[in-house]
**Student:** 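Would you mind keeping the following structure in view while I ask a few things?
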Amino acid sequence: MTRYHPPAHRARALRSATVVLAVLWSLLVVGATGAAGAPQGPDPVGVWPVQPEPEVVRAFDPPAGPYAAGHRGVDLRGTVGQVVHTALAGTVSYAGALAGRGVVVVTHGHTRTTYQPVAATVAVGDRLPRGAPIGTLQLPTSHCFPRACLHWGWIEGASTYLDPLRLVGAGPVRLLPLWRDPPSPVPQDPPEPPDPRTAAATTLQRLLDWF
């Protein structure tokens with residue numbers, strides 16, 4: 001039986017395509033496994049946006065997914081016309097009406113805090129120290145209607161929601177060990193590494209979904 005031999009230019013193209021796919025595969029595996037487990041630094045120290053320290057009417061309840069139900073911030077009891085302050089020093093990146101409610105957003109490097117419903121007394125580009133007034137609390141669209149309350153959010157990056165109560169030391173309690181020196185670690189079997197083929201395939205499918 002005579003074996004088929006593809007033309008030289010086709011063979012070279014097939015070899016090049018194989019190399020490109022191999023490189024893409026390695027990049028996908030590295031991208032899928034290298035982004036997890038990044039350490040987080042200590043939380044910045046902020047102030048309550050409404051003062052004195054308010055009642056927390058509804059706590060932070062992060063959604064399970066981008067479009068899932070949840071509470072992407074906290075609701076703080078207040079009064080109509082009460083002064084609202086920025087929890088951290090930063091730059092005003094939004095101040096105005098959004099979907100029928102007054103919103104102020106202050107950016108702090110890679111994170112930003114949001115405040116609503118607020119009648120803004122600041123403008124985009126204003127640089128503010130921690131605790132500076134940014135507006136007054138409004139009643140319309142209040143999460144606590146017919147009472148007034150401030151919805152306070154804290155976001156990292158594009159859409160990672162954080163508990164803003166961490167900024168004032170009122171977030172989840174971090175328990176400290178009862179011993180002074182850490183105990184000796186207990187030997188454990190190492191966890192099985194994730195299957196790189198599954199991670200790469202999932203990442204590749206996501207890339208294809210974008211087109």
**Student:** Excluding sequence neighbours, so at least two apart, what forms salt bridge (charged side-chain N to carboxylate O under 4.0 Å, His left out) with Arg77?
**Tutor:**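 So Arg77 forms a salt bridge (charged side-chain N to carboxylate O under 4.0 Å, His left out) with Glu55.
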**Student:** Can you get from Tyr115 to Phe60 by hopping between Ile, Leu, Val, Met, Phe, Trp and Tyr side chains that sit under 4.5 Å apart?
**Tutor:**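 Yes: a chain of side-chain contacts under 4.5 Å links Tyr115 to Phe60.
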**Student:** Hey, what do you get for CG (Asp43) to CG (Leu165), rounding to the nearest 0.5 Å?
**Tutor:**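 Here the interatomic distance stands at 11.0 Å.
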**Student:** With a 3.5 Å distance limit and no angle check, can you tell me whether His71 reaches the backbone of Asp61 through a side-chain donor-acceptor pair?
**Tutor:**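 No, His71 side chain to Asp61 backbone: no donor-acceptor pair under 3.5 Å.
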**Student:** Verify, without hydrogens or angle tests, whether Arg72 (side chain) and Thr160 (backbone) share a donor-acceptor contact under 3.5 angstrom.
**Tutor:**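 No: the side chain of Arg72 does not pair with the backbone of Thr160.
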**Student:** Of all the heavy-atom pairs spanning Leu137 and Pro117, show the shortest one and how long it is.
**Tutor:**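 That would be CD1-O, 3.4 Å.
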**Student:** Specify the closest pair of heavy atoms between His85 and Gly131, including all atoms of both residues, with the distance to one decimal.
**Tutor:**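 Of all heavy-atom pairs spanning His85 and Gly131, the closest is ND1-O, 2.8 Å.
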**Student:** Apply side chain to side chain contact (heavy atoms under 4.5 Å, CB included) to Trp154 and Arg166, showing your working.
**Tutor:** CA-CA 10 Å; Trp154 186 28; Arg166 290 165 46 183; 4.0 Å; yes
**Student:** Looking at every heavy atom in both Asp75 and Cys149, which two are closest together, and how far apart are they?
**Tutor:**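 Looking at all heavy atoms of both residues, the closest pair is CB-SG, 4.0 Å.
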**Student:** Of the non-hydrogen atoms in Val74 and Pro164, which two are nearest, and what is the gap between them?
**Tutor:**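 Heavy atoms only, the tightest pair is CG2-CG, 3.7 Å.
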**Student:** Hey, could you give me the OG1/NE2 distance between Thr86 and His108, rounded to the nearest 0.5 Å?
**Tutor:**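 Answer for the OG1-NE2 pair, Thr86 versus His108, is 5.0 Å.
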**Student:** Specify the closest pair of heavy atoms between Cys144 and Val57, including all atoms of both residues, with the distance to one decimal.
**Tutor:**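 Taking every non-hydrogen atom into account, SG-CG1, 3.9 Å.
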**Student:** Please say which of Gln138, Arg101, His143 ends up in a side chain to side chain donor-acceptor pair (under 3.5 Å) with Gln116.
**Tutor:**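 Going through the options one by one, the only one that passes is Arg101.
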**Student:** Group every Ile, Leu, Val, Met, Phe, Trp and Tyr by side-chain heavy-atom contacts under 4.5 Å, then state whether Val168 and Leu162 land in the same group.
**Tutor:**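 Val168 clusters together with Leu162.
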**Student:** Passes side chain to side chain contact (heavy atoms under 4.5 Å, CB included), Val56 versus Leu76? Steps please.
**Tutor:** CA-CA 5 Å; Val56 178; Leu76 307 177; 3.9 Å; yes
**Student:** How far apart are the closest heavy atoms of Gly46 and Leu88, and which atoms are they?
**Tutor:**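 Closest approach of Gly46 to Leu88, heavy atoms only: CA-CD2, 3.6 Å.
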**Student:** In Å and rounded to the nearest 0.5 Å, what is the CD to CD distance from Gln51 to Gln82?
**Tutor:**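 Answer rounded to 0.5 Å: 9.0 Å.
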**Student:** Do the side chains of Val92 and Val105 join up, straight or via other hydrophobic residues, at under 4.5 Å, putting them in one cluster?
**Tutor:**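 Shared cluster, no.
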**Student:** Enter the distance from Thr79:OG1 to Arg147:CZ here, rounded to the nearest 0.5 Å.
**Tutor:**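 If we round to the nearest 0.5 Å, Thr79:OG1 and Arg147:CZ are 12.0 Å apart.
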**Student:** Do Tyr161 and Val104 belong to the same hydrophobic cluster, where Ile, Leu, Val, Met, Phe, Trp and Tyr are linked whenever their side-chain heavy atoms lie under 4.5 Å apart, directly or via other members?
**Tutor:**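 Hydrophobic grouping puts Tyr161 with Val104.
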**Student:** State yes or no: do Val103 and Leu150 share one hydrophobic cluster built from I, L, V, M, F, W and Y residues joined by side-chain heavy-atom distances below 4.5 Å, directly or via other members?
**Tutor:**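 Result: no, two separate clusters.
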**Student:** For a 4.5 angstrom cut-off between non-hydrogen side-chain atoms, does His151 reach Arg58?
**Tutor:**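 Counting from C-beta outward, His151 and Arg58 never come under 4.5 Å.
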**Student:** Within a strict 4.5 Å, meaning less than it, do heavy atoms of the Leu167 and Thr113 side chains meet?
**Tutor:**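 Yes, their side chains come closer than 4.5 Å.
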**Student:** Applying side chain to side chain contact (heavy atoms under 4.5 Å, CB included), run through Ile155 and Thr114 and close with a yes or a no.
**Tutor:** CA-CA 8 Å; Ile155 307 172; Thr114 62; 4.2 Å; yes
**Student:** Identify, with sequence neighbours excluded, every residue that meets side chain to side chain donor-acceptor pair (under 3.5 Å) alongside Thr107.
**Tutor:**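 Applying side chain to side chain donor-acceptor pair (under 3.5 Å) to Thr107 gives Ser93.
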**Student:** Test Val118 against every option in Val83, Thr136, Val84 by the side-chain contact (heavy atoms from CB on, under 4.5 Å) rule and name the one that passes.
**Tutor:**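 With Val118 as partner, side-chain contact (heavy atoms from CB on, under 4.5 Å) holds for just one option, Val84.
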